[in-house]
Amino acid sequence: MFINVMILGIAFQLILNLSRPAVPLFASTLGASTLDIGMLTACYAFLPMFFSISAGKIADRFGDRLPVLAGMTGLGISMALPWCFPSLWALYVSQLITGFSSIFIAISLQNALGHAAPEDRRNDYYGWFSTANSLGAFLGPVTAGYLISHLSYPAVFAAAFAVFLCAFAFAWKLSSGKPAAAGTKTGLKDSISLLTLPALRRALIGNALALYSREIFAAYFPLYAVSKGISVTEIGWILSIQGLSMVLVRLFMPWLQRKYSNDGILIGSIVASGAAFLFISFTVNPLWLGVWSVLMGLGLGCGQPISMSVAYQSSPAFRTGEVLGLRLFINRVSQFTAPLLFGVIGASLGLITVFYASSFFLLGGTLLIKPPRKE
């Protein structure tokens with residue numbers, strides 16, 4: 001189970017991060033405006049806002065294997081569309097399907113890992129899973145950069161489809177996990193009420209802030225870098241070393257967790273991301289842009305495994321998938337609204353203002369997850 005989940009995590013993130021830098025650049029060559037790029041990026045998070053919690057309940061009710069198989073199938077279709085039909089409409093449809101499919105994969109893989117992990121090693125298991133995801137996030141953009149430079153944009157999606165074909169075999173062998181008892185039913189109000197748990201609420205909000213910053217960076221940084229004369233290959237490396245830094249910081253997570261609280265690490269991760277956005281706006285040197293990309297990756301690498309572990313451990317019995325779905329729902333709300341908001345800002349005031357505004361929102365967002373003084 002552990003090895004299967006690790007391989008699927010790498011493949012899942014590799015597919016996403018192959019396509020992620022290609023989408024805004026490809027759309028730009030097809031005549032998309034800054035606002036169009038924002039809408040295209042928001043498409044990824046649109047359907048998950050409505051179905052994330054339901055996807056978690058499906059994992060609780062039917063086990064983890066079926067949702068992963070369905071999600072992988074949808075992901076393969078979404079990569080095939082821009083490959084076969086290189087057009088703006090295909091990119092929109094592809095992003096909608098990608099977002100919808102990804103919720104089943106992400107929730108069920110996290111749920112399967114939580115079921116398989118011994119209670120005293122759950123933090124370690126989620127740490128390794130985040131490392132596997134980061135490895136895919138490292139390999140994807142740099143591979144996409146070379147494919148775009150030497151072949152074409154559709155070639156990126158063809159490569160992502162090839163990864164899907166390999167990953168599907170591992171998804172087929174995945175165990176179903178522990179389905180919930182028949183008759184266990186909860187409504188949306190019951191799911192939202194879980195946010196009354198203070199530790200869970202702070203973890204979910206903190207992760208959403210950090211994750212949306214990565215989406216904004218992946219969507220608008222390639223456009224900013226191209227406008228400053230930076231090559232697509234260099235852009236791919238800058239995005240990839242962010243994924244590598246997310247891997248490396250995991251080596252220090254046990255030390256950080258002994259020295260600082262989960263809330264302290266989450267706040268630090270958001271401050272790092274906010275500072276990175278601010279510093280990016282002051283330089284066009286590829287080396288320094290890589291440094292700020294690494295700083296953002298270090299922050300993201302700290303926050304994600306903590307939020308997954310806290311979400312699982314705070315879950316009532318047989319509702320772990322539901323809680324992980326709630327986590328993904330909050331993530332996708334931020335990932336949907338932020339690109340639209342910053343797309344309007346960028347179209348009205350210039351692309352550089354996206355980075356200023358993102359820094360302001362992230363640094364201000366630390367107030368939402370600051371624990372009470374008594375804690």
Testing the basics here: between [X] and [Y], what is the closest heavy-atom pair and its distance to 0.1 Å?
X: Gly145; Y: Thr233; result: O-OG1, 4.0 Å
X: Leu8; Y: Ala167; result: CD2-O, 3.4 Å
X: Leu295; Y: Ala275; result: CD2-CB, 4.3 Å
X: Ser87; Y: Trp89; result: OG-NE1, 2.8 Å
X: Leu287; Y: Asn285; result: N-OD1, 2.8 Å
X: Ile241; Y: Ser293; result: CG1-OG, 4.5 Å

Applying a strict under-4.5 Å side-chain criterion to I, L, V, M, F, W and Y, I'd like to know whether [X] and [Y] cluster together.
X: Val23; Y: Leu16; answer: yes
X: Ile97; Y: Leu88; answer: no
X: Leu362; Y: Val294; answer: yes
X: Ile267; Y: Phe277; answer: yes
X: Leu165; Y: Leu147; answer: yes

Is the closest side-chain heavy-atom distance between [X] and [Y] below 4.5 Å?
X: Val156; Y: Leu151; result: no
X: Ile148; Y: Phe26; result: no
X: Phe221; Y: Ile238; result: yes

Separation between [atom1] of [X] and [atom2] of [Y], rounded to the nearest 0.5 Å:
X: Leu109; Y: Ile7; atom1: CG; atom2: CD1; result: 11.5 Å
X: Leu18; Y: Ile15; atom1: CG; atom2: CD1; result: 8.0 Å
X: Trp288; Y: Phe282; atom1: CH2; atom2: CZ; result: 14.0 Å
X: Cys84; Y: Ile77; atom1: SG; atom2: CD1; result: 11.5 Å
X: Leu75; Y: Ser19; atom1: CG; atom2: OG; result: 7.5 Å
X: Ile270; Y: Ile265; atom1: CD1; atom2: CD1; result: 12.5 Å

Looking at Phe355, Phe360, Tyr356, which one forms a side-chain contact (heavy atoms from CB on, under 4.5 Å) with Leu278?
-> Tyr356
Is it true that Phe157 and Tyr153 have ring centroids separated by less than 6.0 Å?
-> no
Counting N and O atoms only, with roles assigned by atom type, does the side chain of [X] sit under 3.5 Å from a partner on the main chain of [Y], one being a donor and the other an acceptor?
X: Ser359; Y: Gly274; answer: yes
X: Thr98; Y: Ser78; answer: no
X: Ser108; Y: Ile105; answer: no

Mind telling me whether Phe168 and Phe164 have parallel, tilted or perpendicular rings, with 30° and 60° as the class edges?
-> perpendicular
Taking the inter-plane angle between the rings of Trp237 and Tyr146 on a 0 to 90° scale, is it parallel (under 30°), tilted (30 to 60°) or perpendicular (over 60°)?
-> perpendicular
Start with the C-alpha gap between Tyr224 and Ile280, add the side-chain angles, then the distance that decides, and say whether side chain to side chain contact (heavy atoms under 4.5 Å, CB included) holds.
-> CA-CA 10 Å; Tyr224 171 74; Ile280 283 169; 4.2 Å; yes
Any side-chain donor near an acceptor of the partner, Trp255 and Tyr260, under 3.5 Å = no
Does Trp172 CH2 have over 12 foreign heavy atoms under 6.0 Å away?
-> no
